[in-house]
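Before any comments, here is the structure.
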Amino acid sequence: MSITAAEAYAPATVANLGVGFDILGLAVAEPGDTIRAEWSDLPGVTVADITGDGGKLPRESAKNTACVAAQSALKLAGETRGVRLTIHKGLPAASGLGSSAASAVAGAVAVNALMGEPLSRGDLLPPALDGEAVASGYHPDNVAPCLFGGITLAVGLTADRVYNLPVPANMHLALVTPHVEVATALARAALPAEISLKQMVSQTAGVAELIHAIYTGDLEHLAAAMERDRVIEPAREHLMPFMRNVRATAKRAGALGMVISGAGPTLMALCDSQSTAEAVASAMKAVYEMEGIGATAQASMVAPDGARVVRIERG
Ligand code: HSE
């Protein structure tokens with residue numbers, strides 16, 4: 001019996017970790033996107049349906065991150081049959097949780113499963129990046145942890161240029177997403193085209209300190225290093241409602257540090273226990289609610305695994 005349909009789940013990710021703009025990221029277990037791929041009589045990759053996006057995502061294949069990633073994976077494997085995708089969005093778009101990357105990764109993983117896994121997990125990185133690029137250009141800091149899980153350092157666009165870093169013990173996260181949208185393209189357009197030598201040295205030191213803290217498992221230094229970003233956060237702060245207040249509140253509730261998750265508006269606070277992460281998450285959420293902005297909050301941890309195949313159908 002041959003495979004007739006395959007479904008893949010790809011999780012949310014937190015990119016940048018403050019100073020590590022476009023190179024560092026981590027996976028969290030939930031929420032995520034689920035994509036079902038089936039063979040189709042139509043050529044190329046088409047959208048059968050999208051749910052959970054409020055009608056916002058493009059149905060046109062060339063503009064849809066999942067379709068572009070799936071098409072790129074099919075091409076890489078030399079597959080010429082058509083495929084249709086049913087996309088279930090569990091992740092809100094433009095939220096800073098790697099929504100476009102999750103769709104791209106789920107699309108690539110689902111079609112690879114449909115083909116009987118001719119491509120390795122590492123082979124799927126460039127196709128997934130092709131999909132992500134439709135939304136916000138080539139940067140692997142969401143796609144890499146989404147595919148591989150854990151904390152990733154991506155210094156290039158192929159799997160041999162991605163390093164899985166150790167996950168410190170007791171690394172807990174509080175994630176809060178205010179119900180406002182920040183388009184990644186807009187948040188990227190806000191960034192400076194050039195920085196001074198002084199800023200470069202400070203930013204480089206921050207990344208080096210962050211990597212050292214990850215390897216030594218020192219959460220306090222990790223938090224301090226994340227917050228050393230003097231380039232990205234100042235340029236984006238005006239897009240994140242009440243960020244200073246949320247950071248101060250998170251720290252009062254026990255967080256070690258807080259940064260923008262990806263391009264925002266989700267904020268991620270680093271904590272050293274589950275109970276602190278829960279208290280911090282609800283304290284951060286309360287700040288938005290007091291200001292009349294709805295928010296979603298969760299206490300989470302780094303997920304060791306990335307995307308997974310959740311269903312295979314044969315006929
Ligand atoms: N590194 C990216 C950014 C992540 O901050 O723009 C968002 O996709």
Side-chain angles (χ1 to χ4, degrees), residues 10-28 31-33 56-57 63-66 68-69 89 91-108 125 128-148 151-157 161-163 165 173 175-178 180-195 199 203-204 206-207 210-211 225-240 243 258-268 306-307:
T13 47
V14 172
N16 298 339
L17 311 186
V19 283
F21 179 71
D22 274 3
I23 57 173
L24 283 166
L26 58 83
V28 293
D33 290 353
K56 286 184 194 155
L57 292 182
K63 293 184 181 162
N64 183 289
T65 62
V68 171
K89 288 296 297 177
L91 278 169
S95 65
L97 287 170
S99 172
S100 53
S103 287
V105 166
L125 182 66
L129 284 171
D130 288 341
E132 167 79 312
V134 179
S136 57
Y138 280 90
H139 53 90
D141 50 337
N142 289 109
V143 165
C146 190
L147 253 183
F148 305 122
I151 304 175
T152 56
L153 167 66
V155 298
L157 300 179
R161 308 291 286 145
V162 174
Y163 304 101
L165 307 182
L173 314 172
L175 291 167
V176 178
T177 308
V180 294
E181 286 188 13
V182 175
T184 301
L186 183 74
R188 291 180 84 81
L191 300 177
E194 291 174 5
I195 60 169
Q199 284 173 303
Q203 204 77 358
T204 313
V207 178
L210 178 54
I211 302 290
M226 285 192 325
E227 288 193 343
R228 279 182 68 157
D229 167 31
R230 297 287 177 275
V231 175
I232 310 300
E233 183 181 304
R236 286 179 168 173
E237 192 185 332
H238 66 287
L239 299 170
M240 315 295 150
M243 197 186 87
M258 191 208 80
V259 288
I260 301 168
S261 172
T266 294
L267 302 177
M268 184 204 78

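Just so you know, ligand 1 is whichever comes first in the structure, and atom 1 is the first atom listed for that ligand.
Counting only distance, with no hydrogens or angles, the side chain of Ser103 and the backbone of Ala66 share no donor-acceptor pair below 3.5 Å. Between the side chain of Glu227 and the backbone N or O of Met258, at least one donor-acceptor pair lies under 3.5 Å. Between the Glu132 side chain and the Thr65 main chain, no donor and acceptor come within less than 3.5 Å of each other. With hydrogens and angles disregarded, no donor-acceptor distance shorter than 3.5 Å links the side chain of Asp33 to the backbone of Lys89. A donor-acceptor pair is defined here as one N or O able to donate and one able to accept, closer than 3.5 Å; no such pair exists between the side chain of Asn64 and the backbone of Leu57.
Near Gly262, meaning under 4.0 Å from any of its heavy atoms, are these atoms of ligand 1: 5 (O). Near Arg188, meaning under 4.0 Å from one of its heavy atoms, ligand 1 places the atoms 1 (N), 2 (C), 3 (C), 6 (O). Near Phe21, the atoms of ligand 1 lying under 4.0 angstrom from a non-hydrogen atom of the residue are 1 (N), 3 (C), 5 (O), 6 (O). Remark: ligand 1 atoms within the under-4.0 Å shell around heavy atoms of Asp141 are 1 (N), 2 (C), 4 (C). Those atoms of ligand 1 with a heavy atom of Arg236 less than 4.0 angstrom away are 3 (C), 5 (O), 6 (O). Interface atoms of ligand 1 facing Thr184, defined by a heavy-atom separation under 4.0 Å, are 7 (C), 8 (O).
In this structure, the protein non-hydrogen atom closest to atom 8 (O) of ligand 1 is His139 CE1, 3.0 Å.
Between Ser136 and ligand 1, no pair of N/O atoms sits closer than 3.5 Å. Every N/O-N/O distance between Glu132 and ligand 1 stays at or above 3.5 Å.
The distance from the CD1 atom of Ile260 to the CE atom of Met240 is 4.0 Å, given to the nearest 0.5 Å.
Looking at Asn142, Val143, Leu191, it is Asn142 that brings a heavy atom closest to atom 7 (C) of ligand 1.
Between Ser95 and Pro92 the shortest heavy-atom distance is OG-O, 2.9 Å.
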